[in-house]
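All remarks here apply to the structure that follows.
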Amino acid sequence: MIADLIARYDQRVPRYTSYPTAPHFAADVTVAHYRQWLAELESKDPISLYLHVPFCREMCWYCGCNTRATRRHRPIAAYHQRLLAEIDLTASALPDRMTASHIHFGGGSPNMLTPDEFNAVMARLRNSFNLTEGAEIAVEIDPRTTTDAFIDSCAASGVTRLSLGVQDLNAAVQKAVNRIQPFESIARIADRAKHQGVTDVNIDLMYGLPGQTVENILTTIDKALTLEPTRIALFGYAHVPWMKPHMRLIDDSALPDAAARWKQAAVAKERLAAHGYVAVGMDHFARPDTPLAQAAAAQTLRRNFQGYTTDTATTLLGFGASSIGQTPRGYVQNDADVRRWSKAVDAGKFAIVKGRETNADDHMRRDIIEQLMCNMTVDAEAVAARHGFGPSSIWDSLDALGPMVADGLVVVDGPVVSMTEQGAPLVRAAAAAFDRYLAHNDAQSPRHARAV
Ligand code: SF4
């Protein structure tokens, strides 16, 4: 039965961290659009900030991020200077000094910045924006290359959460993905963070890696939870070597098949629940006393480019190569090429190369998809009505869910769509029914990860 379902729904579908999704961004959105959209913002609206640091010490072979390996600091120091310049450029394009409620440093490995460089970026952000009381400031770090001094500078700069890349603690799996990382080194960083007062710690884990078994996933979870993280993100490895050539270094004959991946995800979820972590959306888990778990319980959870979040801002300002920004008018994306991004910033220009202006239909579908991805249920008609659309606007989408309903993965009760317990891991496939841009044959598009 499971094998049948996987065969039917293991399609390549977006992760829906935005709608329309990034493959549908186009070059007809330009710097002029971005300047106009920034100028239209209202200073009272809270914003979020995302800063991308596309450098790592070496490549993990499973990595799907926009990053590159370097052992020299000079390009990172130059990048850091340009980040400061891009912050100034953006702040000067805003109508007023704005207030940020969430800041996220991603990558790559933001800890490739020196402590002084990180402090300087934080100081520049505080100089350019107000921060709300209790603003969430999160930093992704690679425990292998993070120093105590970097953790200390995070704490001193007001960072509220550190996100540790762990993935799997089994030595053979670590070797198979070129990420050798003893547990002790991770524990040392987690302890240092707590000692410095950064008690909100996320740990990233993965299933579907080469050579991974249910047993070593469970061992990894048990060990990782001894570090008392506030939340866990559990992602399935997406093997797309035609998009990320370093993935060719992975022995694909050692990759678990779809049925094994399904089982790995299921047992991992059970084990996390047994440890008292509640499921948040499709791939996050959090201690019940965290704002993230509370938002999930209250059905106020949101989803953005960083995954599940409590962030309600409608504007996200992106900094750094490849970063994506969002305003109420649409999405913009910076050039992913560091050299071209640098050239634009050096010339005092934004490095926007593509984006997507959004319309009322996009906003309606984005809300439906987001609610389904966050709450596993949505009253699609009520959302459509809030956006001024009648019930007929969603009939095609409800019809498209027919096969998932017949397979017991989705319940459609009038306009209310709900994932069943068995269907929850396939929520992206259900969300795709509301995606107007996802052409039928896009379901096999290599640009997206498999649904399972
Ligand atoms: S440390 Fe993170 S961002 Fe860098 S290569 Fe590894 S997985 Fe990718």
Side-chain angles (χ1 to χ4, degrees), residues 15 17 22 50-73 75-76 79-80 83 104-114 117-118 138-147 150-151 154 161-171 173-183 185-186 188-190 193 201-212 217 220 224 229 231-241 243-250 255 283-284 305-307 318-324 334 336-338 341 449:
R15 302 187 72 85
T17 52
Y50 174 76
L51 298 99
H52 192 76
V53 182
F55 301 101
C56 293
R57 181 69 55 76
E58 60 183 325
M59 287 304 294
C60 310
W61 294 341
Y62 61 82
C63 181
C65 302
N66 184 280
T67 189
R68 70 183 168 99
T70 181
R71 293 195 169 253
R72 294 183 307 131
H73 190 69
I76 302 167
Y79 187 87
H80 155 257
L83 266 185
H104 192 105
F105 287 80
S109 303
N111 60 279
M112 293 293 278
L113 298 172
T114 65
E117 288 166 348
F118 182 78
V139 183
E140 296 172 12
I141 57 170
D142 176 355
R144 298 169 302 170
T145 54
T146 302
T147 61
F150 187 83
I151 299 295
C154 285
R161 184 170 63 251
L162 289 170
S163 189
L164 278 54
V166 172
Q167 323 314 347
D168 191 294
L169 291 168
N170 180 275
V173 175
Q174 291 188 355
K175 189 159 178 243
V177 296
N178 196 39
R179 187 178 181 127
I180 308 293
Q181 180 170 243
F183 175 71
S185 68
I186 302 163
R188 187 181 61 77
I189 292 297
V201 171
N202 172 82
I203 289 182
D204 284 346
L205 301 177
M206 288 182 101
Y207 64 89
L209 292 172
Q212 239 180 348
I217 287 175
T220 294
R231 49 164 99 174
I232 296 280
L234 174 70
F235 300 119
Y237 168 55
H239 191 58
V240 286
M243 290 174 67
K244 297 281 178 186
H246 57 260
M247 289 182 179
R248 292 196 194 113
L249 296 165
I250 285 183
L255 290 171
D283 50 19
H284 280 51
F305 294 103
Q306 280 75 58
F319 304 92
S322 80
S323 68
I324 296 179
N334 270 347
D337 182 276
V338 172
W341 171 83

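All heavy atoms count here, side chains included; hydrogens, waters and symmetry mates do not. One-based numbering, in listed order, for ligands and for the atoms of each.
With rounding to the nearest 0.5 Å, the separation of NZ in Lys244 from NE2 in His239 is 14.0 Å. For the atom pair Thr220 OG1 and Gln174 CD, the distance stands at 8.0 Å (nearest 0.5 Å).
Looking at atom 2 (Fe) of ligand 1, its nearest protein heavy atom turns out to be Arg179 NH1, 3.9 Å.
Here the side chains of Val240 and Met247 are in contact, with some heavy-atom distance below 4.5 Å.
Of all protein atoms, those that are N, O or S and lie under 2.8 Å from atom 8 (Fe) of ligand 1 total 1.
Judged by distance alone, with hydrogens and angles left aside, the side-chain atoms of Ser185 form no donor-acceptor pair with the main-chain N or O of Gln181 at under 3.5 Å.
Residues that satisfy the ring-ring contact (aromatic ring centres under 6.0 Å, His included) test with Phe319, not counting sequence neighbours, are absent from this structure.
A perpendicular orientation is assigned to the rings of Phe235 and His284, their planes being inclined by more than 60° (bins at 30° and 60°).
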